[in-house]
Amino acid sequence: MERGLNATREADFANWYQAVVREADLAETSPVRGAMIIKPWGYGIWELIQGELDRRIKATGHQNVYFPLLIPLSFFAKEATHVEGFAKEMAVVTHHRLAVIDGQLTVDPEAKLEEPLVVRPTSETIIGDAFHRWVRSYRDLPLLINQWANIVRWEMRTRLFLRTSEFLWQEGHTAHADREDALAETLRMLEVYRDVAERCLAMPVVTGEKPENERFPGADATYSIEAMMQDGKALQAATSHYLGTSFAEAQNIRYQSETGELRLCHTTSWGITTRLIGGVIMTHGDDDGLRLPPMIAPQQIVIVPILRDRPEDAEVLAYAEGLAAELSGVDAFRQPVRALVDKRPGRSADKRWDWVRRGPPIIVEVGPRDVAAGQVTSIRRDRLWGENERIASTGAPRSEFIAGAAALLAEIQSGLYAEAKARLDGNIRADIRSFDELAAYFGPAAEDDDANEPFKGWVRCTWSKPSGAELDVVEQRLKSLKLTIRNAPLVQPTALGPCLFTGKPGVEEILVARAY
RNA sequence: CGGGGCGUGGCGCAGCUUGGUAGCGCGUCUGCUUUGGGAGCAGAAGGUCCCCGGUUCAAGUCCGGGCGCCCCGACCA
């Protein structure tokens, strides 16, 4: 059976991932090392994710703003932990002009900036500077803002969508009167992320708190949503941080309380990035290419007219366009159905495979026979293969297809979620009680570059939640198995066994996994 | 930034060990045929063999130095 890709998940997951990105026409590498070109189909997915999330961000009382790309270097000196975390990956602007010297276009040495500017790796510092001016009284709180932006983090090793030097994201920044309110905000936005991931991306996640060593630089607490990819690895799909008063202290963000005292604000920040698209690929993709959840598919129903250079072509095309127009009048997920007629020249079979790789949920083929019978022949991308290793197609009367389109899209959306949810739930082992058992399950760290390791899921186990040097020891032991602590799930059991690492009384359960 | 692998028409690759006219598959273009599940035949276009230097009568091939990509590690969303 010929598949849509010449790479499989089974044989080489990393190679398969790259093949999907390329063949689904999502993105490509650029002349700039580590930075990607997001192509229309990939950017269309991002725009839909943005739309869903932006609506929720506003519904929870936040307003959008825009802060500068370039941040004075001195701003980063204010919060020690924060600088430490980002110092090694910052792009720095030092000059403001070019000049032709000896016939060479070069940086003008005469045009050196007095203070270097860094390209934002995140905006806590420059937004905090504004918060300092914006917050005067308890009446100004909570201050709830968000920005959609690009950021740069100079990465050593990049992979399209998953880790690039420049990426797109949303960063929310808020200031609150007290810890309780700020912590509630942190968890509220974590829940928004869970909802978008699960409802829109059909990507089930586990919400939880990151261990101390995995916190955002400068944060008091970091929460994440973690998703399981088809190779069993975890992907941190979003983070939400309770920053305590450390940024408020560093940047003097204070307010006068009702009783007249000057108090420090408690701040939060939270973000999701274009990495989510990588998560969608690795959650739903198959050996024929991408499979898109309908809610984030730039086109939900792609209609391929079967044109044969015959007089009836005009009729077929008209039928296809009429179908698309009528589908656009149908609502799915409270929005008009996105339907496209692929009028490009070429054989319909080639065009069909092109769309299989790109992953719209429904592909319709319309030929003279459909026109004559007043019917629609459709393929479900989530159930591509039928009997006899042939692509499965279904015929239905045109009116019936249109009437059922929204329900079919909803069914595909929930079906993809259910499939991913079963994989997540079915691959978290909770029966491992000792480090030896953990080592036995994950096996020795691969000493060679075997790209095709057997599937390993996650382990949910109990630990004593050590900190400092004791935590370092745990981290190192896990590292020997190429494992990391993903998070401590928010939903915890009432009774706990002993710590897997130390045998001490357990404090909480954590998820341990290999990760992106 | 360390270890390994790889850079050859748009894409995927062979050729390199043992130097001697640049190849294959897919795609593209033209024509004819075909026509509802990845078409057939015939013809055509398309390559500074990543870059710079060296050895040689002769370098895709050998040597040196760069750059880029991929995998593993360190770092990270």
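Atoms considered below: every heavy atom in the structure, side chains included; atoms not considered: hydrogens, waters and symmetry mates.
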Self-check item: Given B:G37, B:G36, B:C70, the nucleotide with the shortest approach to the side chain of A:R390
Solution: B:G37
Quiz item: Between B:G37, B:C71, B:U34, which nucleotide gets closest to the side-chain atoms of A:A14?
Solution: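 Within the option list, the nearest is B:C71.
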Quantified in whole Å, what is the [atom1] atom distance between nucleotide [N] and nucleotide [M]?
| N | M | atom1 | answer |
| --- | --- | --- | --- |
| B:C29 | B:G10 | P | 15 Å |
| B:C62 | B:U18 | C1' | 11 Å |
| B:C16 | B:U61 | C1' | 4 Å |
| B:G60 | B:U17 | C1' | 14 Å |
| B:C50 | B:C13 | P | 14 Å |
| B:A58 | B:G66 | C1' | 25 Å |
| B:G2 | B:U8 | P | 24 Å |
| B:G7 | B:C49 | C1' | 10 Å |

Quiz item: Of A:T29 and A:A237, whose nearest nucleotide on RNA chain B comes first from the 5' end?
Solution: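 Mapping each residue to its closest nucleotide by heavy atoms, the 5'-most match is A:T29.
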Self-check item: First encountered from the 5' end of RNA chain B, between A:Y516 and A:R22
Solution: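 On the 5' side of the pair lies A:R22.
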Just checking [X]: base, sugar-phosphate only, or nothing, at a heavy-atom cut-off of under 4.0 Å?
| X | result |
| --- | --- |
| A:E155 | base |
| A:T484 | nothing |
| A:G85 | nothing |

Quiz item: For B:C69, which nucleotide is its Watson-Crick or G-U wobble mate, given both distances must be under 3.5 Å?
Solution: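 Here B:C69 is engaged in a pair, and the nucleotide opposite it is B:G5.
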Quiz prompt | Watson-Crick or G-U wobble partner of B:C32, both distances under 3.5 Å | solution = B:G40
[X] NZ/CZ over [Y] ring centroid, <6.0 Å and within 45° of normal:
| X | Y | result |
| --- | --- | --- |
| A:R398 | A:Y319 | yes |
| A:K456 | A:Y441 | yes |
| A:R514 | A:F442 | no |

Quiz item: Does A:K351 place a side-chain N or O at less than 4.0 Å from the phosphate oxygens OP1/OP2 of B:G38?
Solution: no
Quiz item: For B:A74, does either OP1 or OP2 sit under 4.0 Å from a side-chain N or O belonging to A:K479?
Solution: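 So the side-chain polar atoms of A:K479 do come within 4.0 Å of the phosphate oxygens OP1 or OP2 of B:A74, strictly under.
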Practice problem: Please tell me if the side chains of A:V376 and A:I402 come closer than 4.5 Å, counting only heavy atoms from C-beta onward. | Solution: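 They are not in side-chain contact.
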Quiz item: Given side chains that start at C-beta, do those of A:I485 and A:W463 come closer than 4.5 Å, heavy atoms only?
Solution: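 The answer is yes, as the side chains (C-beta and beyond) meet within the 4.5 Å cut-off.
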Quiz prompt | Whole-Å distance separating the CG atom of A:N15 from the P atom of B:G5 | solution =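 From A:N15 CG to B:G5 P: 18 Å.
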